[in-house]
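Working notes, beginning with the structure itself.
Throughout, protein chains are lettered first and strands after them, A, B, ... in sequence-line order, and every chain is numbered starting at 1.
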There are 2 protein chains.
Amino acid sequence: MTDLAGRAGARRPVVSMTAMAQADADAVDLILEQWGRERPDLDCSPMGVIARVTQAQREVYLAQRETFARHGLDAAAFDVLAALRRAGRPYQLTPTALMRTALVTSGAITQRLDRLEEKGLISREPSEDDGRAVLVTLTELGGQALDAALPDHLETERRLLSGLSTDDQQLLAGLLRRLLITLGRTPAAP
Amino acid sequence: MTDLAGRAGARRPVVSMTAMAQADADAVDLILEQWGRERPDLDCSPMGVIARVTQAQREVYLAQRETFARHGLDAAAFDVLAALRRAGRPYQLTPTALMRTALVTSGAITQRLDRLEEKGLISREPSEDDGRAVLVTLTELGGQALDAALPDHLETERRLLSGLSTDDQQLLAGLLRRLLITLGRTPAAP
DNA sequence: GGCATTTACCTTAGCGGTGAGATACTTTGG
DNA sequence: CCAAAGTATCTCACCGCTAAGGTAAATGCC
C-alpha cells in the first residue's frame, strides 16, 4: 500500500514539467480553441478542467464495463458487492448505507438488490433492531464473484493510469481530493 | 460550506488514519482505508485517482444540471447547442459530427435532435452534397438559449473549481490532458 | 456500369436510473 | 402515552441512452 497519507496536492507542489508542455492536444484543446475563436470575450479556462473530468470519467466507465462484463457483472453490481466486501465481516449493510456510498437513489438500490438477489450474490433479511430496515448480506457466491473481479478491476485502473508516473498519479489524486472536499459532500452525505 | 462537522459515522468506527489530518479526508480516503484493512494484499492506489474522477464527474454533472435547468435546458441539449455554436457560422453540423463530439450513439443524437427541433432550437434539412446526410442548424432561438446559458454555465464551472488556485487548476488540466491522450481517442476518433 | 461495401441517419426494444410518492416502523415532544 | 415528524424501504411511471438493425445513398473495385 503506497503512502496515501502524503496529501500530495495539499501543499503547493513543484510542477512536474511533464504535466504541462506536452505538445500533444486532446479533444478538449480543440473545443477550447473553438470557443476562443467564437467567443474571445469569455474566459473558458474552467472548461479545461471540467470537460476533461467528464471525458476521463467516460473512458473509465467504458474500460470498467468491459472488465466487469468479463466476470458477469456490471458497474452497478460491482459497486454494491465491493461496498459489502470492504465493510468487512459479516459483510452486511443496509440499503441506506449502500445508497450513500453508491450515490444513487433508494429506488436504484432496491432494483440493484433485486437483480443481485436474483443471481444469488446477496441476500436480504429484515433487521432485528429496526423493523423498517433490511440487512443486505454478501453471499458466498457474491464474495467469490467480487474476489474474482477485483484484481482484474485494479489492473484495468492501473492500465488507465499508465500514462502518468506514480508521482503524477499521486499529484492528481491530491488535486482531485481537494476538489471533492471543497465540493462539499465529503465523507457521508446527509 | 464545510458544515457536516458533527457526523456520527466518522468518529468511532475507524482505526487511526495513518498520518493524515482528519479534516482533509474525502470519501475516497475512507474507501481506501477500508480496502487497506480488508485486503492489505492488494495495492488499491489506482482507485485513489479513478474513484475521484468518477466522484468529481458526478458533482459536476449535478451542478451543471441545476444550471441548465435554470435556462430550460439539460446537459444533452446544451451539449448539442454548444457544439453548433462553437463551430462558428453558419452554425451547422451533421448528426455524425455531433455524435463524435458528444460521445454518444447515433440513436441518442437522433433523439436529442428530435427534442431540440420540437422546441425550435435547431432545424434539420437534407444536405445537398450528400443525399444521406442531414444538416443541423442552430436557430435564432437556439442561439439565444445557448448564449443565455453559457455565462451561467461558466460561472458554475468556476465555482466548482474555486477550491483550487489558478495554478493548480492548470496543473490539474495538464494531468488530465495527459491521461486522456494516453487513453487514446484523442481528437476525433475513427 | 454493376455489385458489394461503406457511410449516414433513423427506429425500436430494453435497461437502469430518477423522482414522486406509498407504506410501515421509529423517534420525539408535549 | 399519543400524535406528529422522521426514517427505511419499496413501487412505479417516465426518461435518455445503448445496441441492434433497417433504409437509403455514396463509394470502390473489377
Side-chain angles (χ1 to χ4, degrees), chain A residues 54 57-59 61-66 68-69 72-81 92-119 122-137 188-190, chain B residues 7-9 54 57-58 61-66 68-69 72-81 92-119 122-137 188-190:
Chain A
T54 299
Q57 195 279 329
R58 189 185 161 76
E59 296 296 329
Y61 169 75
L62 293 174
Q64 287 184 345
R65 198 155 62 126
E66 259 180 66
F68 294 141
L73 298 173
D74 57 24
F78 183 88
D79 217 30
V80 170
L81 298 180
Q92 229 171 35
L93 290 172
T94 63
T96 298
L98 289 167
M99 182 180 90
R100 289 203 221 280
T101 81
L103 302 175
V104 295
T105 62
S106 63
I109 289 294
T110 297
Q111 292 171 31
R112 288 183 181 190
L113 295 176
D114 288 346
R115 301 194 292 270
L116 288 169
E117 195 173 29
E118 174 105 16
K119 294 174 68 179
I122 58 117
S123 63
R124 277 194 273 207
E125 58 185 310
S127 165
E128 293 181 357
D129 299 341
D130 187 334
R132 299 163 299 178
V134 167
L135 285 178
V136 179
T137 309
Chain B
R7 294 188 316 93
T54 300
Q57 196 279 329
R58 189 185 163 76
Y61 169 74
L62 292 174
Q64 287 184 345
R65 198 153 63 123
E66 258 178 67
F68 294 141
L73 298 173
D74 56 24
F78 183 88
D79 217 29
V80 171
L81 297 180
Q92 231 171 34
L93 290 172
T94 63
T96 298
L98 289 167
M99 182 180 90
R100 289 203 222 281
T101 82
L103 301 175
V104 294
T105 61
S106 65
I109 288 294
T110 298
Q111 292 173 27
R112 288 182 180 190
L113 295 176
D114 288 347
R115 300 194 291 270
L116 288 168
E117 195 173 29
E118 175 102 16
K119 294 175 67 179
I122 59 116
S123 62
R124 278 192 272 206
E125 57 186 310
S127 164
E128 293 181 358
D129 300 339
D130 186 333
R132 302 163 298 178
V134 167
L135 285 178
V136 179
T137 310

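If you take CG of D74(B) and P of dT18(C), they are 15 Å apart, rounded to a whole angstrom. Remark: C1' of dG16(D) and CD of E118(B) are 16 Å apart, rounded to the nearest angstrom. Summarising the geometry, the separation between CG on L73(A) and P on dG16(C) is reported as 13 Å, rounded to the nearest angstrom. Between the CG atom of L113(B) and the P atom of dT11(C) there is a distance of 12 Å, given to the nearest Å. Between the P atom of dC10(C) and the CG atom of L98(B) lies a distance of 11 Å, rounded to the nearest Å. Whole-Å rounding puts the Q111(B) CD to dG14(C) P distance at 15 Å. Counting to the nearest Å, the P atom of dC10(D) and the CG atom of D114(A) are 7 Å from each other. Rounding to whole angstrom units, NZ of residue K119(A) and P of dG16(C) are separated by 10 Å.
For the pair T94(A)/V136(A), no side-chain contact is recorded, criterion being any heavy-atom separation below 4.5 Å from C-beta on. Using a 4.5 Å heavy-atom threshold, the side chains of R112(B) and L98(B) count as separate. R124(B) is listed as a side-chain neighbour of D114(B), based on a closest heavy-atom distance under 4.5 Å. Within the 4.5 Å cutoff, side-chain heavy atoms of L113(B) are placed close to those of P95(B).
A donor and an acceptor atom never sit less than 3.5 Å apart when one is taken from the side chain of T105(B) and the other from the base of dC17(D).
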Would you tabulate the nitrogen or oxygen pairs shorter than 3.5 Å linking the protein to nucleotides 24-26 of chain D?
residue, atom, partner, partner atom, Å
dA25(D), O3', G131(B), N, 3.3
dA26(D), OP1, G131(B), N, 2.8
dA26(D), O4', R132(B), NE, 3.4

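For I109(B) and R112(A), each mapped to the nucleotide of DNA chain C holding its nearest heavy atom, the one lying further toward the 5' end belongs to I109(B). Heavy-atom distances to DNA chain D give each of A108(B) and M99(A) a nearest nucleotide, and the one nearer the 5′ end belongs to M99(A).
Contact detail for L135(B) and Q92(B): the closest heavy-atom pair is CD1-OE1, 3.7 Å. Scanning all heavy atoms of the two residues, the minimum distance from D130(B) to S127(B) falls at N-OG, 3.2 Å.
Of the side-chain N and O atoms in R100(B), none sit less than 4.0 angstrom from OP1 or OP2 of dT7(C). Using a 4.0 Å cut-off, no side-chain N or O of R65(B) falls inside it from OP1 or OP2 of dG17(C). Proximity of R115(B) to the phosphate of dC17(D): a side-chain N or O atom is located under 4.0 Å from OP1 or OP2.
More than 12 heavy atoms of other residues, nucleotides or ligands shown are found within 6.0 angstrom of CD on E125(A).
With distances taken from any side-chain atom of V104(A) to the nucleotides dT9(D), dT18(C), dA8(C), the minimum falls on dT18(C). With dC10(D), dG17(C), dA8(C) as the candidates, the nucleotide lying closest to the side chain of R124(A) is dC10(D). Ranking dT9(D), dA8(C), dC10(C) by closeness to the V134(B) side chain, first place goes to dC10(C). Side chain of A76(A), nearest nucleotide from dT9(D), dC17(D), dG17(C): dG17(C).
R58(A) places a side-chain N or O within donor-acceptor distance of the main-chain N or O of L103(B), the cut-off being under 3.5 Å.
Using a 4.0 Å heavy-atom criterion, one finds that T94(B) contacts the sugar-phosphate atoms exclusively.
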